[in-house]
Structure formats: structure tokens, C-alpha cells
Amino acid sequence: MKIATWNVNSIRTRQQIVLDWLEANPVEVLCLQETKVVDDKFPRSPFEEVGYHLYTSGQKSYNGVAIFSRRPMKDVTSGFTEVLGGDAVGEFDEQKRAIAGTIDDIRIINLYVPNGASVGSDKYDYKLNWLKLLQEYVKNALEKSPNLCICGDFNIVPEDRDIHDAEACRNSVGLSPAERQALEEIRKLGLADAFRKFTSEGGHYSWWDYRAAGFKRNRGWRIDHHYLSKPLYDRAKSCIIDKEPRTWVKPSDHTPVILELDC
DNA sequence: ATGGCAAGCTAAGCTTGA
């Protein structure tokens with residue numbers, strides 16, 4: 001069973017690219033981020049026609065997440081409020097950044113973590129506070145589901161080997177100690193990075209800046225991840241980054257990451 | 001040190017992304 005994650009940077013702009021990719025990679029589940037469209041305007045039928053059930057949580061212009069699944073999912077929830085309650089979540093569900101569903105015995109949480117703009121900015125504070133809330137949400141999910149897969153665009157470079165030049169980017173958002181620590185706190189709840197089960201060397205990235213020929217020069221960042229609970233980590237057979245769609249015409253700046261589970 | 005490219009919204013330029 002394959003579970004893929006892909007920040008598509010607008011599903012309407014990337015519709016054909018996602019269809020082409022799915023034709024060659026008919027994954028069981030595809031988690032999308034930055035769909036950038038309200039649910040009413042999501043291009044559902046092209047994907048339903050090729051055999052997927054769609055679950056979307058979108059907003060106008062920004063953010064937005066969706067899950068495509070070959071089979072119907074159970075217990076689909078959007079945002080944090082359904083799990084943590086309105087008092088704890090406050091305004092944090094206004095931006096559509098989380099959607100979850102269950103397939104077989106596996107709980108899948110699809111996330112679009114805030115970018116954070118620049119270290120010290122208001123958006124950076126929002127990112128850290130959002131991650132704190134995510135920690136509570138994940139703690140709750142782990143209590144309910146032993147088989148947990150949390151994937152998406154984390155907008156955090158976990159370690160220096162996950163970026164082309166850590167020293168040159170030391171002050172960039174995504175590398176700050178507070179962001180890495182926030183991710184580490186979540187990981188320590190009982191999760192592991194699936195990609196690192198199979199690959200230890202650096203030089204593997206999932207995002208390249210459109211600007212300054214980032215992809216051509218392989219100036220990339222690995223910020224799209226799958227975090228697995230212990231039982232699922234043991235079941236992981238492979239986790240690969242598919243760079244090919246990043247070479248296509250009018251690509252997303254991210255490329256898909258595919259997890260394969262034994263089952 | 002800075003900008004560079006792309007998308008959405010909306011009708012030329014701003015905001016966001018990481």
C-alpha cells in the first residue's frame with residue numbers, strides 16, 4: 001500500500017500534472033497541500049473518474065489540503081477543533097491546514113504546516129503556536145490509533161543533511177532551533193521519519209525554489225515528510241522522493257514523496 | 001545584501017511562499 005504526499009501549489013493549475021502522475025503512480029492514498037481553492041470549486045470529477053474518493057478542506061487563495069483515496073475513508077475530520085475543542089483551537093482552524101481520515105487500520109493525517117515568513121515575524125510566532133497545538137492533536141491521535149501516518153509539507157528542515165547548504169541558509173525560516181525543537185517534540189511522542197529508515201545520506205530534497213534556477217542547481221530542501229508510529233514504521237517497505245514531476249512543464253515547486261507499507 | 005519565480009485575486013500591483 002502506497003501513501004504519497006505532494007504540495008501541488010494550486011490544484012486547479014496542477015490538475016493535469018497530478019492526473020498524469022497518478023496514471024503512472026496509482027497510489028492508494030494521495031495527500032495534497034496548497035490546493036488554494038474552496039471546496040465548492042475543487043475539480044473533483046477528473047480525479048473521481050480515475051477512481052479516487054476525495055476529501056477536501058480548502059479556502060480561497062491560500063493553504064488548503066485534500067486526501068484522495070482509492071477506497072472510502074472513515075472518520076474524516078478537518079482541522080483541530082473536532083479533536084481538541086474550540087476553546088483550545090481558537091482561530092487556528094481558519095486557515096485550512098489539516099485533514100485526517102482512516103483507511104483499513106491506518107489513521108492518516110495530512111498537514112500543511114505554516115511557512116513562517118521569517119524568523120521573529122508574526123507569521124513565525126503563528127507557526128510555532130500552530131506546532132504547539134499540533135503536538136496536542138498528535139498526542140490525542142496516538143492515544144486513539146496505534147497505526148498513525150502523519151504526512152505533508154512541514155516547512156521545516158529537520159537536520160542539516162536535509163538541505164543543500166545549511167550554513168548559507170542558517171538564518172532562513174525552516175531551520176531555526178525553535179522550529180526544529182517543535183518538530184522534535186512531536187516526533188518524540190512516538191513517531192519516526194519514514195524516509196530516514198532507508199536513506200541516511202544527504203542530497204535528497206522535496207522542494208526547490210522556482211527562483212534562481214533552484215532545481216537545475218539542485219539547491220533543494222527536504223521539507224515534505226512521513227512520520228510513522230512504531231507499528232507502521234516497522235511495516236514501511238520504502239520511502240522515495242519522485243523528482244520526475246519537478247522536471248515537467250509548469251511544475252509545482254514541490255515533488256511527491258511516496259511511502260510504501262507492507263500490507 | 002538582494003532578487004530571482006509562480007499563483008491568486010482582480011484588473012496593475014500586491015500578498016504569499018520557504
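First the proteins, then the strands, lettered A, B, ... as listed; each starts at 1.
In this structure, A:Q95 and A:A213 both approach DNA chain B, and ranking their closest nucleotides by distance from the 5' end singles out A:A213.
Remark: side-chain polar atoms of A:K243 are not paired, donor with acceptor, to backbone N or O of A:T255 under 3.5 angstrom. Side chain of A:N63 to main chain of A:K96: no donor-acceptor pair is present (N/O by atom type, distance under 3.5 Å, no hydrogens or angles). Not one N or O on the side chain of A:E34 forms a donor-acceptor pair closer than 3.5 Å with the backbone of A:N9. Of the possible donor and acceptor atoms, none in the side chain of A:E179 sits under 3.5 Å from a partner among the backbone N and O of A:I156.
Residue A:D224 is classed as having no contact, given no heavy-atom separation below 4.0 Å to the nucleic acid. Among the heavy atoms of the strands, none lies under 4.0 Å from A:F215.
With sequence neighbours excluded, the residues satisfying side-chain hydrogen bond (donor to acceptor under 3.5 Å, both in side chains) with A:K144 are A:N140.
The interatomic distance linking A:Q59 (CD) with B:dT16 (P) rounds to 12 Å, in whole Å. With rounding to whole Å, A:W207 atom CH2 is found 17 Å from B:dT16 atom P. At whole-Å resolution of the value, CZ in A:R219 and C1' in B:dG17 are 17 Å apart. Atom pair A:Y126:OH and B:dT16:P shows a separation of 13 Å (rounding to whole Å applied). If you measure from atom CG of A:N7 to atom P of B:dC5, you get 20 Å, rounded to the nearest angstrom. With rounding to whole Å, A:K127 atom NZ is found 15 Å from B:dT16 atom P. Summarising the geometry, the separation between CG on A:N63 and P on B:dG17 is reported as 7 Å, rounded to the nearest angstrom. A straight line from NZ of A:K123 to C1' of B:dT15 spans 8 Å, rounded to a whole angstrom.
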- Item | Full working for ring pair (Phe, Tyr, Trp, His ring centres under 6.0 Å) between A:Y210 and A:F215 | CA-CA 7 Å; A:Y210 285 124; A:F215 184 67; over 10 Å; no

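Atom P of B:dT2 sits at a distance of 23 Å from the matching atom of B:dA6, rounded to the whole Å. Here the separation of B:dC14 from B:dG4, taken at their P atoms, is 13 Å to the nearest Å. The P atoms of B:dG3 and B:dT15 are separated by 15 Å, rounded to the nearest whole Å.
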Using the 3.5 Å cut-off, write out each protein N or O paired with an N or O of nucleotides 6-9 of chain B and the distance between them.
unit_1	atom_1	unit_2	atom_2	d
B:dA7	OP1	A:R14	NH1	2.8
B:dA7	OP1	A:R14	NH2	3.3
B:dA7	OP2	A:K250	NZ	3.1
B:dA7	O3'	A:S10	OG	3.4
B:dA7	O3'	A:T13	OG1	3.4
B:dG8	OP1	A:S10	OG	2.3
B:dG8	OP1	A:T13	OG1	3.2
B:dG8	OP2	A:T13	OG1	3.1
B:dG8	O3'	A:S61	OG	3.3

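Within the 4.5 Å cutoff, side-chain heavy atoms of A:P158 are placed close to those of A:R222.
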